[in-house]
Amino acid sequence: MPSTNETVEALFAEWAELLQLAGADAFRVRAYEKAARSIGGFSKDLRDLDDKGLRAIPSVGASMAARIREYLETGTLHELEDLREQVPAGLREMMRIPSLGPKKAILLHETLGISTVDELAGAARDGKLRGIKGLGQKTEENLLRGIQNLREHGGRILIDAAMDAAVGVIEALRGLAEVDQITYAGSLRRMRDTIGDIDILVASANAAPIMDSFAGLSSVKEVLAHGETKTSVLTDTGLQIDLRTVPADAWGAALIYFTGSKSHNIKIREIAVRRGWKLSEWGLFKADTGKKIAAETEEEVYEALGLPWIPPTMREDTGEIEAAFAGTLPTVVERRDIRGDLHSHTNLTDGLAPLEEMLAAAAAAGYSYYVVTDHAEGLPMTGMDRGKALAQRKRIATLQKKYPKMTILHGSELNIAKDGSVDYDPAFLAGFDLLVASVHSMFRLPRDEQTARIIRAMENPFINVIGHPTGRLIGRREPIDVDFESICNAAVRTGTALEVNSFPDRMDLRDEHVRWAIERGVTIAIDTDSHAPKHLEHLRFGVATAQRGWARKTDVLNARTLKQLRTFVEKKRPG
DNA sequence: GCCGTTTTCGGCCCGACTGTTTTCAGTCG
């Protein structure tokens, strides 16, 4: 469900790339990039803003505001259309190849007439790149390898796979005598829902042996760069891992730098520059004398800049720096705030483990309550029926005796039909403690129908949580098309929570939706949708997604006590 | 193209590494 803001963000980002390829001034390009990000992260719908409101968006001036207005009124951007005519679309595609930026793309286009990735691959194979100034044999090899890798792996991986790879490297290197500290940084530390490459940071006074060990790991297929403080490799699964080393006394500055995001870093560096300082991965220094001001910990560096420590998940330059200065940076929800899971399965339906094992895992996680929500009769493939549901409820009552500290609740994940109705009748629904309802089919309904369908489900007094609200499967299925604003309003009006599903290929709601939702007063539920005991560990991804959406503990239904949770359910039910 | 506890014009983040250079441009994060 691309919102207007997301659509305009994508258009401006494309505009920035096309400007680069048209040879425009670099600062002008950056202005478009900044505006794109700023619009994408803005919490009000562009359609609801007048010209003054548009210009209040950071990095949007008179010119950008006029263009946004043009798009809102005509559905098109005539200058962008002109640029598209001027610059072959294939050149943008070519810039996805590592080591190929706008300058080389232009050079290849102007000298050889190359305007697609395929043409480039052909030209490189035929040796046609030789002899062009600035391009040698090595460049030719790198481009061919880059194209192959792009075709085989095509970009980003899910966060759990990235985490496994990062932890693997860390475990392999942690034991080296030269390693003082080691951790992952980059988009993995910020917990974006997909990860492009992995950044590992090491504190050490003697980097060379670490670099060599890293380059020699058995999973390394190819060493892309091997310098004194930085080594980049490609693993056998096509994943790029960058290792950087810094002295221990620069750890904090380096961690900030390598955690990013890039735009967050740029903004705090600008703050440093305005004070006559210079911030880099080596520390915060006085620009004139080079005297060190701070470097050892993240807290010290932020404090020197006049800022509180900002959680990595919030470092996206979507207003966190301004909020930090104003003292309004929210204290975001933490893993330890979560008291239970509201969405889980067993092998009674499509889970992989029996009830006993799921409960044991939940108790081990320290939960004070846990809701078992197997699918309902509306999904025939699961073979569920009312008798089985009631039998499960009985078993739960028996098993409850084993868990004095954890209350086991009986729920179900209902299926939302095309018209918004769900499984079972009200009398049967009333027998459950808590109910999740989710879309499992008809993902391509028109926006009006899809929105009405979800809202009707929320109006059902027995439904407490909408599971994976947009239905996306990252890389495999687009989110359903709904009017998210209306969904949020209905969620607040009906007392229904929207789920942040922690499953790595869902992450749904996603970060931006969470931010929109909580700004509108929506209660969210951070669930794992576990189908096996080990899936309970995915909770941290959901918590991180909620943090990325600036959710506080008070915004989260399952950060509340059991009594408060029951009140939330009872308040909606009739009678 | 944006923006202003220096400014409505003249700035705009910083450093590592590669490749093809013989002093640096391009790319990346």
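Chain identifiers are assigned alphabetically (A, B, ...) following the order of the sequence lines, protein sequences preceding nucleic acid strands; residue numbering begins at 1 within each chain.
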Which letter, B, S or -, goes with each nucleotide of nucleotides 13-22 of chain B from 5' to 3', with contact meaning a protein heavy atom under 4.0 Å? BBSSSSSS--

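- Straight-line distance between the C1' atoms of B:dC13 and B:dC28: roughly 14 Å, to the nearest whole Å.
- For the C1' atom pair drawn from B:dT6 and B:dG10, the interatomic distance equals 12 Å after rounding to whole Å.
- Pair assignment for B:dG11: B:dC2, on the basis of Watson-Crick or G-U wobble contacts that are both within less than 3.5 Å.
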Without placing hydrogens or testing angles, list every side-chain donor-acceptor pair under 3.5 Å for residues 99-114 of chain A, not counting sequence neighbours.
unit_1   : atom_1 : unit_2   : atom_2 : d
A:Lys104 : NZ     : A:Ser99  : O      : 2.9
A:His109 : ND1    : A:Ile114 : O      : 3.0
A:Thr111 : OG1    : A:Leu107 : O      : 2.7

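- Aromatic ring pairs are classed by plane angle as parallel below 30°, tilted from 30° to 60° and perpendicular above 60°; the pair A:His535 and A:Phe503 is perpendicular.
- Note: CD1 (A:Ile198) to C1' (B:dG29) measures 15 Å, nearest angstrom.
- Without hydrogens or angle criteria, A:Glu70 side chain to A:His78 main chain gives a donor-acceptor distance under 3.5 Å.
- A donor-acceptor contact shorter than 3.5 Å links the side chain of A:Glu320 to the backbone of A:Asp317.
- Listed by chain and residue number, nothing satisfies the ring pair (Phe, Tyr, Trp, His ring centres under 6.0 Å) test with A:Phe285 (two or more places apart in sequence, or in another chain).
- The distance between atom NZ of A:Lys267 and atom P of B:dG4, rounded to the nearest whole Å, is 10 Å.
- Screening A:Leu188, A:Asp193, A:Asp164 for a side-chain contact (heavy atoms from CB on, under 4.5 Å) with A:Ile159, the sole residue that qualifies is A:Leu188.
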A:Ile256 vs A:Ile268, test: side chain to side chain contact (heavy atoms under 4.5 Å, CB included). Steps then yes/no. CA-CA 10 Å; A:Ile256 290 174; A:Ile268 60 176; 3.7 Å; yes

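- Taking atom C1' in both B:dG11 and B:dC17, one finds a spacing of 28 Å when rounded to whole Å.
- The interatomic distance linking A:Glu33 (CD) with B:dG29 (P) rounds to 13 Å, in whole Å.
- B:dG15 and B:dC9 are spaced 29 Å apart, taking the C1' atom of each and rounding to whole Å.
- With rounding to whole Å, A:Ile39 atom CD1 is found 12 Å from B:dG1 atom C1'.
- The separation of B:dA16 from B:dT20, taken at their P atoms, amounts to 22 Å, rounded to a whole angstrom.
- Taking atom C1' on both nucleotides, B:dA25 is separated from B:dT21 by 9 Å, rounded to a whole Å.
- Of the possible polar contacts, one joining the A:Arg156 side chain to the A:Thr194 backbone as a donor-acceptor pair under 3.5 Å is found.
- A straight line from CZ of A:Arg28 to C1' of B:dC2 spans 12 Å, rounded to a whole angstrom.
- Between A:Arg315 atom CZ and B:dG29 atom P there is a gap of 19 Å when expressed in whole angstrom units.
- Using a 4.5 Å heavy-atom threshold, the side chains of A:Ile57 and A:Met64 count as separate.
- Annotated as syn: B:dT7, whose glycosidic dihedral is within 90° of 0.
- For the P atoms, the distance from B:dT8 to B:dC14 is 23 Å, rounded to whole Å.
- Pairs of residues two or more places apart, or lying in two chains, that qualify as ring pair (Phe, Tyr, Trp, His ring centres under 6.0 Å) and include a residue from residues 29-52 of chain A are A:Trp15-A:Tyr32.
- Rounding to whole angstrom units, CD of residue A:Gln240 and P of B:dT27 are separated by 16 Å.
- One atom, CD of A:Glu322, and another, P of B:dG4, lie 11 Å apart when rounded to the nearest Å.
- Of the P atoms belonging to B:dT5 and B:dG1, the separation is 23 Å, rounded to the nearest Å.
- In terms of modelled atom types and a separation under 3.5 Å, the side chain of A:Asn5 and the main chain of A:Leu46 share a donor-acceptor contact.
- Against DNA chain B, the stretch residues 85-118 of chain A makes heavy-atom approaches under 4.0 Å through A:Ile97, A:Pro98, A:Ser99, A:Leu100, A:Gly101, A:Pro102, A:Lys103, A:Lys104.
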Might you work through the salt bridge (charged side-chain N to carboxylate O under 4.0 Å, His left out) test for A:Arg84 and A:Glu81, ending with a clear yes or no? CA-CA 5 Å; A:Arg84 283 173 175 162; A:Glu81 298 289 337; 3.3 Å; yes

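- Taking a 4.0 Å limit (strictly below) on heavy-atom distances, residues 51-82 of chain A reaches DNA chain B at A:Pro58, A:Ser59, A:Val60, A:Gly61, A:Ala62, A:Ser63, A:Met64, A:Arg67.
- Between the side chain of A:Arg244 and the main chain of A:Ile200, no donor-acceptor pair closer than 3.5 Å is present.
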